[in-house]
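Data block below; observations after.
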Amino acid sequence: PFGMLLVPLVSLLLSKGQSLFGWASAPLDPVWAARHHRRSAIVYAAGPASNLLLVLLSGMAIRVGCLLGHFTSPSQISSDYTLVAATSPEGFANAVAGPLGILFSLNLLLFVFNLIPVPPLDGHGIVPLFLSESAADTYRETMANFSFIGLIVAWRVGSFVYEPAFDLALRLLYPDVTYS
């Protein structure tokens, strides 16, 4: 309830309706994670990996739609990053372009944001994959004290990380188009 209800409401009020911040997570037994730091790192990597897979699949669907003439690159990118494929105002392609753009943008956001290596984001749980067992134990003990601070850091850093990633994703999606 804290990350799915209270924090989103407070962030919406503090940003005057301009942004929403919250979280949800699957429970992971900390005792098991401490004993199996490499396995738990792989569990933490599953979320961002699934987000990346959805970005790739939706991006491929957008590219196929462009190749078939159903979609085009938008003339400009909307401030909410959801208009990723443009179409004529009517028809099936228009009904598909919006949800594909949202699927692409939202999962790119979740992928990038969750890789920030601060607790409770998945990125902090992936770090032990690259550490020795003793270093992973020290890291886990140290980071356990920074969960709330990590959320604040991630909230403030998220847009600085996402915007370049979104620009890169658009350059890969539409290599012949330049957005300013």
Side-chain angles (χ1 to χ4, degrees), residues 3-4 7-8 11-12 15 17-26 28 38-118 120-130 150-151 153-180:
M4 290 178 29
V7 171
S11 69
L12 193 63
S15 69
Q18 298 299 311
S19 69
L20 184 67
F21 182 80
W23 69 90
S25 65
L28 183 62
R38 294 210 185 279
R39 288 185 203 166
S40 68
I42 291 169
V43 170
Y44 278 106
S50 64
N51 293 129
L52 180 59
L53 178 63
L54 289 169
V55 168
L56 295 172
L57 291 174
S58 59
M60 287 177 8
I62 291 169
R63 288 298 300 152
V64 167
C66 288
L67 292 172
L68 295 175
H70 299 296
F71 303 151
T72 62
S73 60
S75 58
Q76 65 182 25
I77 299 301
S78 63
S79 61
D80 64 0
Y81 303 106
T82 57
L83 179 63
V84 177
T87 65
S88 63
E90 300 149 6
F92 180 73
N94 188 44
V96 172
L100 273 178
I102 292 169
L103 185 67
F104 180 87
S105 299
L106 180 59
N107 280 285
L108 181 65
L109 173 69
L110 291 171
F111 169 70
V112 170
F113 187 76
N114 277 314
L115 286 179
I116 298 173
V118 295
L121 301 178
D122 292 334
H124 99 280
I126 297 170
V127 171
L129 189 60
F130 307 102
L151 284 173
V153 169
W155 184 16
R156 303 314 292 168
V157 171
S159 64
F160 295 109
V161 177
Y162 179 66
E163 289 177 21
F166 187 76
D167 290 343
L168 174 63
L170 282 183
R171 282 196 299 272
L172 294 171
L173 191 60
Y174 301 116
D176 300 331
V177 178
T178 304
Y179 294 102
S180 54

Just how far is it from atom [atom1] of [X] to atom [atom2] of [Y], taken to the nearest 0.5 Å?
X    : Y    : atom1 : atom2 : result
L168 : L173 : CG    : CG    : 11.0 Å
L106 : F111 : CG    : CZ    : 14.0 Å
D176 : S73  : CG    : OG    : 9.0 Å
Y44  : L28  : OH    : CG    : 4.5 Å
L67  : I62  : CG    : CD1   : 12.0 Å
N114 : L52  : CG    : CG    : 12.5 Å

Test item: S105 side-chain N/O and I102 main-chain N/O as donor-acceptor pair under 3.5 Å =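 Here the side-chain-to-backbone pair does not exist.
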Looking only at heavy atoms, what is the nearest atom pair of [X] and [Y], with distance?
X   : Y    : answer
A93 : H70  : CB-O, 3.7 Å
G47 : D122 : CA-OD2, 4.2 Å
L54 : N107 : CD1-OD1, 3.5 Å
S58 : L103 : CB-CD2, 3.7 Å

Report yes if some heavy atom in the side chain of [X] is under 4.5 Å from a heavy atom in the side chain of [Y]; otherwise report no.
X    : Y    : answer
F113 : L121 : yes
Y174 : R63  : yes
F71  : V64  : no

Residues that A169 engages under side-chain contact (heavy atoms from CB on, under 4.5 Å), provided they are two or more places apart |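 Counting only residues at least two positions away or on another chain, A169 forms a side-chain contact (heavy atoms from CB on, under 4.5 Å) with F104, L108.
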